[in-house]
**Student:** 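Shown below is the structure under consideration.
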Protein chains: 2
Amino acid sequence: MSHPAPVPPTRRRAGRPASGVLDRALIARAALDLVTDQGYSKLTMSAVASSLGVSPSALYNHVGSKQELLQWVQEIVMDDVDHSWFATHPLDEALVRWAHTYRDVFADHAPLIPLIAVLPVSDSPRLLEMYEAVTGGFVRAGWPPESIVPAIVALESFIFGSALDATAPADIFDPGEHAGTVPRFEDALAAQRATGADNADAAFAVGLQAMVAGLLASRV
Amino acid sequence: MSHPAPVPPTRRRAGRPASGVLDRALIARAALDLVTDQGYSKLTMSAVASSLGVSPSALYNHVGSKQELLQWVQEIVMDDVDHSWFATHPLDEALVRWAHTYRDVFADHAPLIPLIAVLPVSDSPRLLEMYEAVTGGFVRAGWPPESIVPAIVALESFIFGSALDATAPADIFDPGEHAGTVPRFEDALAAQRATGADNADAAFAVGLQAMVAGLLASRV
DNA sequence: GGATTAAATGAATGTCGTTCATTTACTGCT
DNA sequence: AGCAGTAAATGAACGACATTCATTTAATCC
């Protein structure tokens, strides 16, 4: 999981080092590793710098801001979203596969969601590549062009929301001190709990099914 | 919109003031006003304090943290979500009404989304009240109890995702420098644009229709 | 080989949320 | 009425952070 920390035992003296110490790939990788084993709350510029054996200000020779660094992380992480099925499978199956991998990736990277939801795609070639693949799936299924983007955005919205939801504690719906004041909700909750299924997972599965079916049925 | 700033012209001296200066309602209101006319980026404890004519540390006699203050804002804002139709209208109509108001509210309060998506409902009586109303709608429509909570969560996930999406700039999908590399996507984009409809709004409408129809059709 | 540029250090800055010692007034008890 | 305890202000201070800047050193370009 985590890479060998390339912290040199001897302190580097000021001035440009003989061999390049940093570059975009190294910094992005260090950030991702940090996130992977310590979470986003520990992702600070200082922490990234120290894991690279470098002072924080050195990073700014390569990256403009922490925001930009987060975009680099997003780019890497995006690789785990599988859009390959759009070229080979029926649209509904491809959508389900895509949505599941997409949601799983961002459930592990929830803090990126508010970022990516608002990020211009031109800043992220891989995002663009993904959209091209997904669009291809709709086109091959015979969808009218003007309905494709809204359908993708609707699915993505559900995916992002579900990824956020997946990070919530399991007992989030426990009425606590207000028990008894919301009887129907408590019934429904108990019945759901009795199924043994994880609530977030069940909601995602059922919602995805519903939306895909609903979209394909209407093909507005 | 914004209330008269109750900043006293004369500086208060240290020590407990004769008449209560702060309370929960005042602080929450000040925060909401600040957000309403300056946005979340300007919502700092200092700004809230100064709009109340008080020093920042004074707030901490009433609120435990900024997080908690955000929860107070969320509670107020939640009032604009309309769940009244669940008692009076067919389930599908009530869901659409509810979802629209819910999404509109949080489109104006996007920074609250990551908070509420993970907030224990026991911390928010109004949230709980809303769930009771929504659950009532499903019950009256004859839904099996164990399917209700997942359906609500699925809809909520879509709503939160759509609210985030609504805050994105309109030209977010412009391929920019990568124009030409994603032809099918660019076609779809152009066709959508030609409809004249706002993309986020179209996506929300079509996604909501699809999910509601899909859910009601399956009633898992 | 000299000028320019790139890339490091380390000190410094500014913004925030939050804590703490201190002061003052309200409240409850006897 | 008087006193103890608590509540609610002030203002100074702290600790994280992201970010900037002056300085130093090495690579690169002409």
Side-chain angles (χ1 to χ4, degrees), chain A residues 5-31 34-35 38-74 111-112 114-115, chain B residues 5-31 34-35 38-74 111-112 114-115:
Chain A
V7 183
T10 70
R11 190 147 46 259
R12 204 182 353 263
R13 74 180 188 285
R16 182 174 183 168
S19 65
V21 174
L22 297 180
D23 65 15
R24 173 174 166 149
L26 277 173
I27 295 173
R29 187 81 233 167
L34 207 50
V35 161
Q38 309 213 52
Y40 277 88
S41 69
K42 293 293 173 51
L43 180 63
T44 65
M45 296 303 270
S46 285
V48 173
S50 108
S51 88
L52 288 164
V54 129
S55 87
S57 55
L59 298 176
Y60 288 88
N61 289 317
H62 302 268
V63 67
S65 65
K66 186 179 180 180
Q67 275 271 332
E68 192 180 338
L69 176 53
L70 288 174
Q71 289 181 24
W72 294 356
V73 172
Q74 172 261 321
L112 295 181
L115 182 75
Chain B
V7 183
T10 72
R11 191 148 43 260
R12 202 182 356 261
R13 73 179 190 287
R16 181 176 183 165
S19 65
V21 174
L22 296 180
D23 64 15
R24 172 173 168 150
L26 278 174
I27 295 174
R29 186 82 233 168
L34 206 51
V35 160
Q38 309 213 50
Y40 276 89
S41 69
K42 294 292 173 51
L43 180 64
T44 64
M45 296 303 271
S46 285
V48 172
S50 109
S51 87
L52 288 164
V54 127
S55 87
S57 55
L59 298 176
Y60 288 89
N61 289 316
H62 301 268
V63 67
S65 64
K66 186 179 180 181
Q67 275 271 329
E68 192 179 340
L69 176 53
L70 288 174
Q71 288 181 24
W72 294 356
V73 171
Q74 171 261 320
L112 295 181
L115 181 74

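A, B, ... follow the sequence lines: proteins, then strands. Residue 1 opens every chain.
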**Student:** Using 0.5 Å steps for rounding, measure from the CD atom of A/Q38 to the OG atom of A/S51.
**Tutor:** 9.5 Å
**Student:** Look at the side chain of A/N61 and the base of C/dA8, then say whether one donor and one acceptor between them are separated by less than 3.5 Å.
**Tutor:**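 Flag set: donor-acceptor pair detected.
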**Student:** Rounded to the nearest 0.5 Å, how far apart are CG of B/L69 and CD of B/Q67?
**Tutor:** 10.0 Å
**Student:** How about B/M45 and B/V63: do any of their side-chain heavy atoms sit closer than 4.5 Å?
**Tutor:** yes
**Student:** In Å and rounded to the nearest 0.5 Å, what is the CG to CG distance from A/L52 to A/D23?
**Tutor:** 9.5 Å
**Student:** So which heavy atom on A/A28 is nearest to which on A/V73, and how close?
**Tutor:**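 Of all heavy-atom pairs spanning A/A28 and A/V73, the closest is O-CG2, 4.3 Å.
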**Student:** Would you kindly give the CG-to-P distance between B/D23 and D/dA7, to the nearest whole Å?
**Tutor:**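 Result: 16 Å.
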**Student:** List the protein contact pattern of nucleotides 16-21 of chain C with one symbol per nucleotide (5' to 3'): B for base contact, S for sugar-phosphate-only contact, - for none; contact means a heavy-atom distance under 4.0 Å.
**Tutor:** SSBBB-
**Student:** Please evaluate residues B/S55 and B/S57 with respect to the criterion side chain to side chain donor-acceptor pair (under 3.5 Å), reporting the C-alpha separation (whole Å), side-chain torsions for both, the decisive distance (0.1 Å), and the verdict.
**Tutor:** CA-CA 6 Å; B/S55 87; B/S57 55; 3.3 Å; yes
**Student:** Starting at CD1 of A/I27, measure out to CD of A/E68 and round the result to the nearest 0.5 Å.
**Tutor:**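 Between atom CD1 of A/I27 and atom CD of A/E68 there are 9.5 Å.
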**Student:** Who are the side-chain hydrogen bond (donor to acceptor under 3.5 Å, both in side chains) partners of A/Y60, not counting sequence neighbours?
**Tutor:** none
**Student:** When the C1' atoms of the five terminal pairs at each end define the local axes, what inter-axis angle does the helix from C/dG1-D/dC30 to C/dT30-D/dA1 show, to 10 degrees?
**Tutor:** 10°
**Student:** Determine: side-chain N/O of A/H62 to OP1/OP2 of C/dA8, distance under 4.0 Å, yes or no.
**Tutor:** yes
